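Heads up: the structure comes next, in structure tokens.
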There are 2 protein chains.
Amino acid sequence: MTTSDAGPRALAAAARLRIAVPSVADRVAAELRQQLADGVLLPGTRLTESTIAEDLGVSRNTVREAFAELAAERLVVRQPNRGVFVASLAPGDIHDVYTVRRAVEVAALRGGGTPERVAAVRAAVEEGKAAAAADDEEALGTANQHFHRAIVALVGSRRLDTIMSQVLAEMRLFFHKATVDAHFYRSYLDDNEQICAALEAGEPDRAAELLLAYLDRSEQKQSAVHGE
Amino acid sequence: MTTSDAGPRALAAAARLRIAVPSVADRVAAELRQQLADGVLLPGTRLTESTIAEDLGVSRNTVREAFAELAAERLVVRQPNRGVFVASLAPGDIHDVYTVRRAVEVAALRGGGTPERVAAVRAAVEEGKAAAAADDEEALGTANQHFHRAIVALVGSRRLDTIMSQVLAEMRLFFHKATVDAHFYRSYLDDNEQICAALEAGEPDRAAELLLAYLDRSEQKQSAVHGE
DNA sequence: TCCCGACAGATTGTTCAACAATCCGACGAT
DNA sequence: ATCGTCGGATTGTTGAACAATCTGTCGGGA
């Protein structure tokens, strides 16, 4: 009771909210996630437990726990008695991912959102423009992700946010193939601007329509690049 | 080679698609999932690793892997160095769950779906009616879940299906409190019928509107029962 | 009386070593 | 060339061990 009295109930709540120090398994998972996002580990690559355990200086069991996390996020697939492999998306999976995005993002956009959250969308759009001006393709890609994440964040749902995060993480897996074209994301700048403008103008339904068209186009592009 | 020869390529494909024998960890997770769904384990209950390991006759490490699975599904929460507890939903979480349902189910319904899949929705409706006629509240509840699962299945997206499954699993966690009222699900029978009828009539948008209203009402009820 | 710190017990987090089950590739026989 | 067989490698699972952390209790001091 150093400061104002908190009471036992508040203390219990604080305990529940205390900063959870990430476990070793979590950190291993985070490291692998990073390598997956960076394209260090390409789809289809086999991840051997003992190798990773050795490389990261942790036990095999801990690596196993990390694999369980990643498998739950679909970033990695487990083949019993064979090992885990970096997930690779079939053409059907691409459509599937976009189906989720259509459901989640359009629903989020239709809700409108508070002015503060709309401002976050705007910020992501500007971030993209700045990246384009600086010819930073890398930044352009992340700005684009921020944009879509901000759209979902409009509804303020923790669960929708994590769903979106996972979908984006999945997409990063096979986006590497697409970004060989250095100007890939640039074509989306206008779309983002228009969607954001419609949203700011208080016309969420129109914004949703624009987004829907955008997603359909994007899916087509992806499918084409992915060779189908 | 008991039956017709398949050839090496087909065999490789079969190997990839072969029925994955569930690992011990998977079976432990399944068992716990069942107990959670059945209400044997109520929200807030602490799950001690050693106890469960002993009860199910497996090693503590294996239980740990099962916990990782369940944690990824939000059915249990891990408190570092304290243990895992059966997840309990705060009032805000209830709204959050319904937010996901609104996004997913409405989007699915708007798509219409193939006649075959519409038929599956109809089947779930009839299943509910039959359960009501037989005064089987248990069956009524599962029929209701089948109904909503069938709606999502209209789009035929593996990812949306699993999202819906997880959401329903989460709901079963706190639905136990609600079903003390034996006639809880009965009130949904008419809604389901109307939604299904609109869908069959080729008016998916009207069906979506009905579902939206249904979900809002359901959320209100749940929030009320859950004491808020 | 109430608060605070130390202590003991219990539980988790992590590692290590071992072994069975399974898979993969090579090698040799037909 | 096809088919078994065998050996090596990897996974699945177990059991034990130990440090780190948490919880509750017990006593001392204000």
Side-chain angles (χ1 to χ4, degrees), chain A residues 1-9 11-32 44-71 76-86, chain B residues 1-2 4-32 44-71 76-86:
Chain A
M1 315 298 167
T2 56
T3 60
S4 62
D5 194 341
R9 250 175 307 269
L11 281 182
R16 182 162 303 175
L17 291 176
R18 83 173 167 295
I19 307 297
V21 174
S23 72
V24 175
D26 287 335
R27 274 175 292 163
V28 171
E31 169 66 23
L32 292 176
T45 306
R46 178 177 192 166
L47 301 179
T48 308
E49 295 182 356
S50 44
T51 304
I52 294 180
E54 213 171 322
D55 287 355
L56 300 183
V58 300
S59 114
R60 200 157 69 88
N61 275 341
T62 302
V63 173
R64 235 148 190 293
E65 275 199 55
F67 281 170
E69 266 188 58
L70 298 176
V76 99
V77 296
R78 246 189 162 121
Q79 293 189 19
N81 289 312
R82 297 218 358 161
V84 314
F85 299 79
V86 178
Chain B
M1 309 291 168
T2 57
S4 63
D5 193 340
R9 251 175 305 270
L11 279 182
R16 184 161 300 175
L17 293 176
R18 82 176 168 293
I19 308 297
V21 174
S23 71
V24 176
D26 287 335
R27 274 175 291 164
V28 171
E31 169 66 21
L32 292 176
T45 307
R46 177 175 194 168
L47 302 178
T48 308
E49 294 181 357
S50 46
T51 304
I52 293 180
E54 212 171 321
D55 287 356
L56 300 183
V58 299
S59 118
R60 199 158 71 87
N61 274 336
T62 303
V63 173
R64 225 144 202 297
E65 275 199 54
F67 280 170
E69 266 188 57
L70 298 177
V76 304
V77 295
R78 248 188 161 125
Q79 294 188 17
N81 288 314
R82 295 212 359 136
V84 316
F85 299 80
V86 178

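Predicted model, so just to flag it, every value in this text is computed and none were measured. So that the names make sense, note that chain A is the first sequence line, chain B the second, and so on, each numbered from 1.
Annotation: salt bridge (charged side-chain N to carboxylate O under 4.0 Å, His left out) contacts of Glu49(A) (sequence neighbours excluded): Arg60(A), Arg64(A). Annotation: side-chain contact (heavy atoms from CB on, under 4.5 Å) contacts of Glu31(A) (sequence neighbours excluded): Gln35(A), Leu56(A).
What separates CZ of Phe85(B) from P of dT11(C) is a distance of 12 Å, to the nearest Å. The separation between Arg78(A) atom CZ and dT11(D) atom C1' is 9 Å, rounded to whole Å. Asp26(A) places its CG atom 17 Å from the P atom of dT12(C), with the value rounded to the nearest Å. Whole-Å rounding puts the Glu65(B) CD to dT12(C) P distance at 17 Å. The interatomic distance linking Phe67(B) (CZ) with dT11(C) (P) rounds to 13 Å, in whole Å.
Between Arg46(B) and Val63(B), it is Val63(B) whose nearest contact on DNA chain D lies nearer the 5' terminus. Nearest-nucleotide positions on DNA chain C place Leu47(B) closer to the 5' end than the other of Asn61(B) and Leu47(B).
Residue Glu49(A) has its side chain nearest to dG12(D) when only dG13(C), dT12(C), dG12(D) are considered. With dG12(D), dC16(C), dG13(C) as the choices, the nucleotide that has an atom nearest any side-chain atom of Arg64(A) turns out to be dG12(D).
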Write out a two-atom table: protein N or O, nucleotide N or O from nucleotides 17-20 of chain D, distance below 3.5 Å.
unit_1: dA17(D); atom_1: N6; unit_2: Arg60(B); atom_2: NH2; d: 3.2

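Phosphate contact (OP1/OP2 of dA10(C), side-chain N/O of Thr48(B), threshold under 4.0 Å): absent. At least one side-chain nitrogen or oxygen of Thr62(A) sits closer than 4.0 Å to the OP1 or OP2 atom of dT15(C).
Using a distance-only test at 3.5 Å, with no hydrogens or angles considered, a donor-acceptor pair links the side chain of Ser59(B) to the main chain of Asn61(B). The main-chain N or O of Asp26(A) is found under 3.5 Å from a side-chain atom of Ser23(A) such that the two form a donor-acceptor pair.
We find the CG-CG distance between Leu47(A) and Leu32(A) to be 6.5 Å, quoted to the nearest 0.5 Å. Atom CD1 of residue Ile52(B) and atom CZ of residue Phe67(B) lie 3.5 Å apart, to the nearest 0.5 angstrom.
Contact record, Glu65(B) with Ala25(B): CB-CB, 3.9 Å, taken as the closest heavy-atom pair.
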